[in-house]
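Proteins come first, then strands; the chains are lettered A, B, ... in the order of their sequence lines, and each starts at number 1. Every value quoted in this text rests on a predicted model; they were computed, and no experiment measured them.
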Amino acid sequence: MRFSKSFIPTLKETPAEAVIPSHILMIRAGLVRQLSAGIYTWLPIGYKVLRKIMDIIREEMNAIGGQEFHYPALNPKEIWEQTGRVEAFGDIMFQVKNRDYVLAPTHEEIVAWHAKGNVTSYKDLPQIWYQIQTKFRNEPRPRSGVIRGRQFIMKDSYSLDRTFEDLDKSYELHDKAYRKIFERCKLKFFVVGASSGAMGGSKSEEFMVRSDAGEDTVAYCENCGYAANVEVAQSIAEPAKRHTESKQLYEIHTPNVKSIDELCAFLNIDEHETAKSRVYIHNNNPVLVLMLGNDEVNETKLQSVLGGNVRPAHPDELKEIAGADAGSIGPIGFKYRIIADNLLKDANNLYSGANKNDYHIGGIDLMRDVPNIEYYDLRVVENGEKCIRCNSNLEVFRAIELGHIFKLGTKYSEALGVNYLDENGKEHPIVMGSYGIGVERILACYLEQNYDEKGIIWQKPLAPFDIHLIGLNMKNSEIKDTCEKLYDELQKNGFEVIYDDRYEVSAGFKFNDADLLGVPVQIIVGEKNLKNNSVEIKIRRTGEKFVVPLDELNQKLQFILKEN
RNA sequence: CGGGGAGUAGCUCAGCCCGGCUAGAGCGCUUGGUUUGGGACCAAGAAGUCGCAGGUUCGAAUCCUGUCUCCCCGACCA
């Protein structure tokens, strides 16, 4: 590809709307341009990389027996109403104004709809159907470039099986395929156990990339490989103590003491002697959640413990429920259900709120004073706590979700009546799995992991080109002729080449564009080396430079490109 | 949806607080010339309804009201 004839709008300055490295680089190197919040145009170079990613995905999906479909993005609303997901998605689903259509945010319904009446025998199963297609979600806050968009490309696949045992096999196939895909894309990733959330189903795992730009938080054990989304992660942490003697309850005047930190400072005590109170509303009834010290309530865990409808109480409800505002609430005299984190189990001599503003109570014995208390795991795991499997230190950090695999079960097949007949002529709902990869996120994550202060660092197989050929002074006919010849030869030898043939652009400009674009190998043709029938090769990743005689170039390139 | 920030030339931004002539800079772009191994130089030039609407005023980029859009933190998120 000739640079002079290509649309590669590189930018010297950091665009104002971009904050994270991958987003900045995508814009500066001319891979994308934003059209609106969460909506991006892929420019030629960006789309070239994206196609390479999609090709890898296709190969691996085909390798596990996947069949590629192309489902419509525009769907009749009626089908989505049958599974109740118009309501479940709510505002996230785009709806068409002048006809009863919706823009598909995923395709479980459509897959099930096509399976119905067409996949009718046990002989038709199993099936893996996939597509690479644009999805639409009306995200309230798109962010981080293409990482969370309102329109994005997803590889989604769906498995159709006879039994849950067969589903396990389809799930395993996807797990393996996903690992291969991300490995081939040269990503450093890991797999975590996750909450299935509203998708339902028995098991789900997320494929994650560590990044401060991520929207998920995960706990990870380097020693044994335990990894889990903090929504479900567990750890070993020091519990509150039970002393041999319980003190009597006593009230303490604590003016303006609201937080646990303030309480500890005021009374000169350790946070392990305190219990923090949080009030939630569960199916219209207040619930007091007691946590040890400064521990945070894990609302996903709370939700799965309580079931039903759970939300934090509003500040103006607290006075009526507890008789005090946040900061002075506690278990003593609280009239409703009380649940506590396991770390508080049977603790005594605790300090907590008095349900009276500006007062706390000391000497609390949960066994003696709070008879109906229930204990559950309700904590958010914190950095440095011990792994539940191997007792090593856990690390807690942010991550980007690249892919998610779900065992769905029969939720959709039952809702839409998608059944098959077994050997005995007996009808059963088809067992489904659903599996997704954010295609653009692969690119964004790759960039997050492969750049320096000069720009992108590509490596095969994602690199848009193998070689960046730079002709320095194109007005020098000797340079120009050599470049043209090299351009032809390199392509004939099977390399993908971007050739900076721009006539009036200065050397420095070309060098900087090449570094920004990040093609693995640069071949620099200049007057100095050409006098000795040589050119310079620069390795983008390391910055190493070699002067190579023209007749040894091809041999040297084969060697270098193997490693880059 | 809560909190914060921003909309002025293709890009990055100054000017706004404290209203005043024809609205500025750098980069980019066009033309001519000189240059060509790390974002060159000289000269000339094109380019902006100051997000939009309304108001205050002799006069609004600047003050007031409303509104739209974008970004960040949080909430939400299969």
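- Scored by the side chain to side chain contact (heavy atoms under 4.5 Å, CB included) test, A/T542 finds A/I539, A/E544 as partners (sequence neighbours excluded).
- One atom, CG of A/L35, and another, P of B/rC70, lie 10 Å apart when rounded to the nearest Å.
- B/rG28 makes up no base pair with any nucleotide shown, lacking Watson-Crick or G-U wobble contacts both under 3.5 Å.
- When the C1' atom of B/rG37 is taken as reference, atom CG of A/D513 falls 15 Å away, rounded to whole Å.
- Residue A/F509 contributes atom CZ, which lies 12 Å from atom P of B/rC41 at whole-angstrom precision.
- Listed pair A/S36 / B/rC70 meets the phosphate criterion, a side-chain N or O lying under 4.0 Å from OP1 or OP2.
- Positionally, the nearest nucleotide of RNA chain B for A/K528 lies more toward the 5' end than for the other of A/A18 and A/K528.
- To the nearest whole angstrom, the two C1' atoms, one in B/rG10 and one in B/rC21, are 29 Å apart.
- A straight line from NZ of A/K538 to C1' of B/rG37 spans 11 Å, rounded to a whole angstrom.
- Sorted by first and then second residue, the salt bridge (charged side-chain N to carboxylate O under 4.0 Å, His left out) pairs involving residues 297-314 of chain A (not counting sequence neighbours) are A/K301-A/D377, A/R311-A/E317.
- In the interface, the side chain of A/K12 is not paired with the base of B/rU12 through any donor and acceptor atom under 3.5 Å apart.
- Put simply, CD on A/E296 is 14 Å from P on B/rG74, counting in whole angstrom units.
- Taking 4.0 angstrom as the limit, A/S506 places none of its side-chain polar atoms (N or O) nearer than this to OP1 or OP2 of B/rU36.
- Here the C1' atom of nucleotide B/rU36 and the CD1 atom of A/I479 are 8 Å apart, to the nearest Å.
- Protein atom CG of A/N473 is 13 Å distant from nucleotide atom P of B/rU34, rounded to whole Å.
- Residues meeting the side-chain hydrogen bond (donor to acceptor under 3.5 Å, both in side chains) test with A/D175, sequence neighbours left out: A/R179.
- Across all strands shown, the partner of B/rC70 is B/rG5, judged by Watson-Crick or G-U wobble contacts whose two distances both fall under 3.5 Å.
- Below the 3.5 angstrom threshold, one finds a donor paired with an acceptor across the side chain of A/E536 and the base of B/rG37.
- For the salt bridge (charged side-chain N to carboxylate O under 4.0 Å, His left out) condition, the pairs that include at least one residue of residues 506-529 of chain A, sequence neighbours left out, are A/R502-A/D513, A/D515-A/K538.
- In this view, A/D452 and A/R540 satisfy the salt bridge (Lys or Arg N to Asp or Glu O under 4.0 Å) rule, not counting sequence neighbours.
- Atom CZ in A/R33 sits about 18 Å away from atom P in B/rC70, given to the nearest Å.
- With A/N75 as the partner, the side-chain hydrogen bond (donor to acceptor under 3.5 Å, both in side chains) test is satisfied by one option alone out of A/W113, A/W80, A/Y101: A/W80.
- Only the P atoms considered, B/rG66 is 24 Å distant from B/rC71, to the nearest whole Å.
- Summarising the local packing, CD of A/E78 is surrounded by 12 or fewer heavy atoms from other residues, nucleotides or ligands at distances under 6.0 Å.
- Remark: B/rC76 base-pairs with no nucleotide; criterion is Watson-Crick or G-U wobble with both hydrogen-bond distances under 3.5 Å.
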What are the atom names and distances for every N/O pair under 3.5 Å that joins the protein to nucleotides 75-77 of chain B?
unit_1: B/rA75; atom_1: N6; unit_2: A/R143; atom_2: NH2; d: 3.3
unit_1: B/rC76; atom_1: N4; unit_2: A/R143; atom_2: NH2; d: 3.3
unit_1: B/rC77; atom_1: O2; unit_2: A/R148; atom_2: NH1; d: 2.9
unit_1: B/rC77; atom_1: O2; unit_2: A/R148; atom_2: NH2; d: 2.6

